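So the structure is just underneath, and the comments pick up after that.
From a predicted model like this one, the values you see are computed outputs, not experimental measurements. So that the names make sense, note that chain A is the first sequence line, chain B the second, and so on, each numbered from 1.
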Amino acid sequence: MTRLKDQFNEDRRDALQEVVNIAMGQAGDSLAKLFGTFVELSIPKFHLCDVTELNQVLSKNDAYVEKMTILRQPFSGQLRGEGIALFNNSGVNELASLMGYEGEVTFGNEREMLLDVCSILVGACLNGVASQLEISLSYTAPTIITKDTTIEEFFKPESIQWRYAMIMEICLTLEQYDFTSNMLLFLSEDSFPPLMDKLDHMLDEL
Amino acid sequence: MDEELSRLVKMAVSQINAGMVILDANHNIVLWNRFMQIHSGVSEGEIKGKNLFEQFPELKGTGLKKKIQSVFLLKNHAFTSWEYRPHLFQFANPHSVIGDDKWMQQDCTFSPMIDETGAVTHVCLSVFDSTNTAVYQKKLLRASGSLMKQRNKLAEINTKLEEAQNQLLQSEKMAAVGQLAAGVAHEINNPVGYVNSNVSALEGYINELLQILSAYETCEPALDQNNELIEALTQAKKSVDLDYLREDLGDLLKESKEGLDRVKKIVQDLKDFSHVDESEWQHADLHKGLDSTLNVVNNEIKYKAEVIKNYGKIPEIKCLSSQINQVFMNLLVNAAHAIETRGTITISTGAKDHGVWIEVEDTGSGISQEKLPRIFEPFFTTKPVGSGTGLGLSLSYNIIQKHKGTISVESEPNKGTKFHIWLPIDIESDDNSDANVA
Ligand SMILES: Nc1ncnc2c1ncn2[C@@H]1O[C@H](COP(=O)(O)OP(=O)(O)OP(=O)(O)O)[C@@H](O)[C@H]1O
Ligand SMILES: [Mg+2]
């Protein structure tokens, strides 16, 4: 763990922050075009932590005390991990029309829409990072994990396979629609070496 | 790419056991592979260059355009899943033998096709047949659903059993109380019998003694007034206060006889109340039942409330009178408990619809709106632990139901509560059902 923290030194952290900021800028732009409304993306926060510290790290954010709908979208390739999207169940109707679902919001299309939003968010954030780092990623269909669970109940350390993970926390807000979603991107431990390599490569080119 | 490989890739796209459609930025179909041709019955030649949403108008307004747009804009992957959208294209179910679904269930993926400059030029839609998975999944769901139902049913039966057991316990308790009462009544009856006859005999003897005493007294003036004996006699009469004694003897005897009458009455009430010897359906006068129950619970009521009886004219009804008395007792005791310092309990009766109604109304604390629907539940009590079991009303409810009658309640907090009971004259007669309908 400390070895990993050492590896993720200030230079590399700055480089990654830079990459991610650019990616978020592009993502915000594309999302605004897609939704046809102003999209606010928070500046991503990084955590490098042990699974046992996970809840402690996440509990600093008030948004996670509420009961939420939790979705996951796995990705693989040179970087491997999962995007976890958290919705607080408000603004769903507005979002449906924004996403081009006409008529009544049914069980089926509400679910599908949340899944759409999940893969859009994960894709928007990751693709920008991937293209800058010149890596390719592939995605598996997202799934709904639970409705009405708090994040603390959800992340039981014993149910997570990784020991360490890098977490990137991003919050998306559509102010006009009272819609907020928090997203956590988990990078698995074995994605570290390739990620560090890519960052070094970028730093060399500067 | 070398030509051989290119030929193989083309072949693979054609032969792959999944649908593959390539769309350009205007949603026009560029490629429509064999799987799509076979299942849709439309050849690639017929559909190439045509707009997807015009060819399949049912896809409009279902969020698909946004999905495709997101792939173009974000280089994203978009998906549909049979669970939430059973199919994108309405293809007949190829598993027509095992499946109960008419249409093929599909999982679909929209992937970006990116050129050398990094721009998304086309979207590739792949369609996978998930009918098999869906069929098994649905079977599983149905199975677990029916398991769940059975589980709930069992749980329901369990609570019913528990309730029944509690009621059994409570009625056993009441039966035991009844038997005890009957035993006590019997034990008291014997001594009261001979005390009663002894008191009658005593009354006779005392009257005779007093007569003799009067006779002696008439002789007094004839005696020598200066005699020492007469002095002692006067002294003795004075010290016992003979006149008062004469007067009081009568009163004492009268009160004793009244007391004995009351004891006899209580014994009779205990017997009536317990009805140990008549556990069968019999015609009974409910006024008698009310009166004997009132006597039995008199101690609980007398310091709390004045009892007003508004008895109407009612026929005898066929019932298990000991059980009906239990109901009266529960209502009267509850009413007395609800009164804090002093109030009134009004008992009214009357005849209606081939039956008899009884109302017990108190000026007690009343019952709040939230609690009112729960008071007939077993174990619902607001009384402190140890003083109420919360079974009184639930038992009463069941007794009234057994008699095919009704029990209802009206209450206003701080004003009081009124319980209304209606019982049919004869539960076996068909008239009652008519009356209930009318
Ligand atoms: N006349 C009444 N006035 C106000 N509250 C009443 C009246 N009758 C019943 N209740 C409420 O209904 C509850 C249930 O009554 P019930 O007779 O079933 O049980 P209980 O009197 O609490 O206990 P027990 O089993 O000893 O009778 C009581 O605890 C009381 O809160
Ligand atoms: Mg009671």
Problem - Greatest number of heavy atom pairs closer than 4.5 Å to chain A - which of B:Pro86, B:Ser70, B:Gly63, B:Ser111 - result: B:Gly63
Fill in the blank from the handout: dist B:Asn76:CG -> A:Leu121:CG (nearest 0.5 Å) comes out at 9.0 Å
Handout entry: Within 6.0 angstrom of B:Gln15 CD, more than 12 heavy atoms from elsewhere
Key = yes
Handout entry: Under 4.5 Å from a heavy atom of chain B, the part of A:Leu98 involved
Key = backbone
Practice task
Output the option from A:Glu110, A:Gln73, A:Met99 having the highest count of non-hydrogen pairs under 4.5 Å with chain B.
Solution key: A:Met99
Practice task
Could you grab the distance from atom NE2 of B:His77 to atom OG1 of A:Thr140, nearest 0.5 Å is fine?
Solution key: 9.0 Å
Practice task
State whether the number of non-hydrogen atoms from other residues, nucleotides or ligands found under 6.0 Å of A:Glu104 atom CD is greater than 12.
Solution key: no
Problem - Residues, nucleotides or ligands: over 12 heavy atoms within 6.0 Å of A:Phe179 CZ - result: yes
Fill in the blank from the handout: B:Phe79 and A:Glu112 have their tightest heavy-atom pair at O-OE2, 4.4 Å
Handout entry: Neighbour count above 12 (heavy atom, 6.0 Å) for A:Glu10 CD
Key = no
Problem - Approximate separation, where rounding is to 0.5 Å, of A:Thr106 OG1 and B:Tyr84 OH - result: 12.0 Å
Completion exercise
If you tally heavy-atom pairs under 4.5 Å between each of B:Leu74, B:Thr62, B:Leu73, B:Leu64 and chain A, the highest tally belongs to B:Leu74
Practice task
May I ask you to check whether over 12 heavy atoms, not counting those of A:Ile22, lie within 6.0 Å of atom CD1?
Solution key: yes
Handout entry: Exceeds 12 heavy-atom contacts within 6.0 angstrom, atom CG of B:Asn152
Key = yes
Completion exercise
CD (B:Glu83) and CG (A:Leu115) are apart, to the nearest 0.5 Å, by 9.0 Å
Practice task
Could you check which of A:Ser138, A:Ala124, A:Ser119, A:Gly123 has the highest count of heavy-atom pairs closer than 4.5 Å to chain B?
Solution key: A:Ser119
Problem - Interchain contact, B:Lys75 with chain A, by part (heavy-atom threshold 4.5 Å) - result: both
Problem - Pairs of heavy atoms under 4.5 Å with chain A: top-ranked of B:Ala78, B:Gly61, B:Ser81 - result: B:Gly61
